[in-house]
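Worksheet for the structure shown next.
Just so you know, these numbers use all the heavy atoms, side chains as well, and skip hydrogens, waters and symmetry mates. In what follows, every chain begins at residue 1, and chains take the letters A, B, ... in the order their sequences are listed.
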Protein chains: 2
Amino acid sequence: MQPVRKDIHSSELPILCQSCEARHQGMCGALSPEQLVSLSRHTRRVHHAAGEELLADAMPITSYANVLSGVIKLSKVLEDGRQQVVGLQFAPDLLGRLFATESRVAAEAASDVALCVVSKSALENIIRENPALEHRIMLQTLRELDEAREWMVTLGRKTAQEKVASFLYLIASHIDPAHGEPCANFDLPLSRNDIGDFLGLTIETVSRQISKLKADGVIEITNYRHVAVPDLARLRIRCG
Amino acid sequence: MQPVRKDIHSSELPILCQSCEARHQGMCGALSPEQLVSLSRHTRRVHHAAGEELLADAMPITSYANVLSGVIKLSKVLEDGRQQVVGLQFAPDLLGRLFATESRVAAEAASDVALCVVSKSALENIIRENPALEHRIMLQTLRELDEAREWMVTLGRKTAQEKVASFLYLIASHIDPAHGEPCANFDLPLSRNDIGDFLGLTIETVSRQISKLKADGVIEITNYRHVAVPDLARLRIRCG
DNA sequence: CGGAGAGTTGAGCAATCTCAATGTCTGTGG
DNA sequence: CCACAGACATTGAGATTGCTCAACTCTCCG
């Protein structure tokens with residue numbers, strides 16, 4: 001798309017980007033080495049521990065971030081405290097509501113995460129000069145919208161059993177950075193409480209349904225968090 | 001953004017566009033008169049009656065369409081027939097999943113609708129040459145994503161009463177083309193069945209909750225479809 | 001007037017929630 | 001190394017919300 005000019009000043013990738021696994025899949029794949037160099041002057045890598053709040057609902061946004069590893073939980077709460085998780089972000093998703101001054105969701109590190117942070121103005125400037133980058137982000141946004149709608153079916157029309165199976169299948173499908181086939185062996189990035197908030201269920205119902213799937217031999221659980229799926233097709237069937 | 005050159009061949013708006021009320025709000029607002037002329041060579045205006053299917057889930061997409069008036073219902077169904085409405089589109093939304101070969105949802109005219117149809121390749125070509133247009137559509141997509149997430153809270157965490165109130169408030173807020181303040185007087189674009197499928201409720205529960213809101217004096221209903229809201233703030237409170 | 005389609009209402013039932021008790025893991029201090 | 005606190009998860013029993021099934025009503029239209 002963008003011709004890659006090689007000259008003495010720009011043919012080298014920035015150090016930060018050289019080791020970035022999210023680069024090819026994510027939005028930075030739309031950038032030439034020169035553009036990466038210029039963008040990387042405004043980025044820095046940061047780490048957050050599981051549980052840290054990254055963004056509060058309705059707070060001003062000052063920066064965006066590319067997810068490099070880990071899982072981020074996006075959620076909204078009603079006045080009386082009822083909470084709903086409205087999305088999960090994996091590498092190489094972009095964190096932060098583009099072109100808005102305020103966040104529309106709260107974001108929290110669900111696991112330990114690594115981010116590549118870029119200031120709001122820097123990214124927006126680069127987008128403005130670089131339609132291919134905006135296009136790439138557009139494709140990501142459209143995929144997020146597809147996934148949100150897929151999830152609305154789960155929330156509105158599935159039973160508790162199907163919801164839990166769908167959640168496990170979702171994680172199996174996304175946790176692997178390669179992002180291809182669903183994975184049969186993984187750690188849950190969310191507590192039972194968060195799973196309940198994602199599925200619109202109580203923690204007790206989530207627990208009961210997980211126990212049932214275990215009793216039926218569809219999954220094996222060790223240490224609460226680790227899941228093994230002997231037969232992904234059988235899990236898939238339980239998704240409704 | 002785009003300088004508007006006035007010359008004898010291009011200063012006139014296409015006839016179709018002159019009377020288009022969606023133009024300023026919608027994506028066409030990003031186009032200069034010249035660009036509108038060139039786009040309009042590929043567009044045609046079509047009407048559909050309430051109930052007509054516009055797009056089937058998983059079917060190839062051959063064209064996009066701007067909604068000029070009316071309401072479109074986007075939905076998904078599970079194998080066993082359970083249905084979930086995953087979005088409503090009003091003027092000036094763009095119908096059709098951009099940059100995909102297949103639709104991810106089914107689309108049906110919820111009311112009589114007028115559309116400005118453009119072939120898939122024509123719109124994608126114009127987008128390619130015109131980053132400002134893609135940007136405009138990007139903003140619309142981001143707003144749709146915000147709305148989908150807002151609705152996930154309703155589906156996952158609200159009671160039947162709050163769901164129905166939220167639905168009425170949503171319609172009150174969007175039905176007016178001006179799209180500013182919520183409207184106190186409107187016709188429901190959806191049957192009780194569709195409302196149920198939007199809210200993840202049965203038709204009976206929807207009916208009972210509407211009756212309850214009526215009994216409580218929050219709304220007045222005439223002829224099943226027409227709604228009057230004496231005090232929008234009181235309806236708002238019921239949304240949870 | 002009568003039939004079809006859409007909506008409402010009622011009664012009983014089932015899935016999920018609430019509340020409460022119990023179990024398991026992890027880290028800390030003696 | 002063990003005891004214990006605290007967080008998180010599981011399990012049970014009863015309450016509740018929303019669903020199912022069935023009867024009835026309203027409106028439109030021939």
Short side-chain N/O contact to [N] OP1/OP2 from [X], under 4.0 Å:
| X | N | result |
| --- | --- | --- |
| B:Asn223 | D:dC28 | yes |
| B:Thr205 | D:dT17 | no |
| B:Arg208 | D:dG18 | no |

Starting at [atom1] of [X] and ending at [atom2] of [N], how long is that distance when rounded to a whole Å?
| X | N | atom1 | atom2 | answer |
| --- | --- | --- | --- | --- |
| B:Arg192 | C:dT9 | CZ | C1' | 14 Å |
| B:Glu162 | D:dG18 | CD | C1' | 14 Å |
| A:Lys163 | C:dA15 | NZ | P | 14 Å |
| B:Ile210 | C:dT8 | CD1 | C1' | 11 Å |
| B:Arg157 | C:dC17 | CZ | P | 8 Å |
| A:Leu199 | C:dA15 | CG | C1' | 16 Å |
| B:Leu188 | C:dA6 | CG | P | 15 Å |
| A:Ile221 | D:dT10 | CD1 | P | 7 Å |

I need the A:Leu188 CG to A:Ser111 OG distance, nearest 0.5 Å.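 It comes to 11.5 Å.
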
Does atom CZ of B:Arg225 have more than 12 heavy-atom neighbours from other groups under 6.0 Å away? yes

Hey, are B:Glu147 and B:Arg143 close enough for a salt bridge, meaning a charged N less than 4.0 Å from a carboxylate O? yes

Kindly give the heavy-atom pair with the smallest separation between A:Arg149 and B:Lys76, and that separation in Å.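 Result for this residue pair: O-CD, 4.0 Å.
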
Choose from [options] the nucleotide whose nearest atom is closest to any side-chain atom of [X].
| X | options | value |
| --- | --- | --- |
| A:Thr202 | D:dA22, D:dT10, C:dT18 | C:dT18 |
| A:Ser207 | D:dG18, D:dC28, D:dT11 | D:dT11 |
| A:Tyr224 | D:dG18, C:dT24, C:dT9 | C:dT24 |

Checking all strands, does B:Gly200 fall into the base, sugar-phosphate, or nothing category for heavy-atom contacts under 4.0 angstrom?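 Here B:Gly200 touches the backbone only, sparing every base.
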
Assert: residue with more 5' nearest nucleotide on DNA chain C, out of A:Glu204 and A:Lys158, is A:Lys158

By nearest heavy atom, map A:Lys214 and B:Leu201 onto DNA chain D; which one lands nearer the 5' end? A:Lys214

Taking it one step at a time, do B:Asp197 and B:Lys73 satisfy salt bridge (charged side-chain N to carboxylate O under 4.0 Å, His left out)? CA-CA 11 Å; B:Asp197 285 342; B:Lys73 183 187 99 188; over 6 Å; no

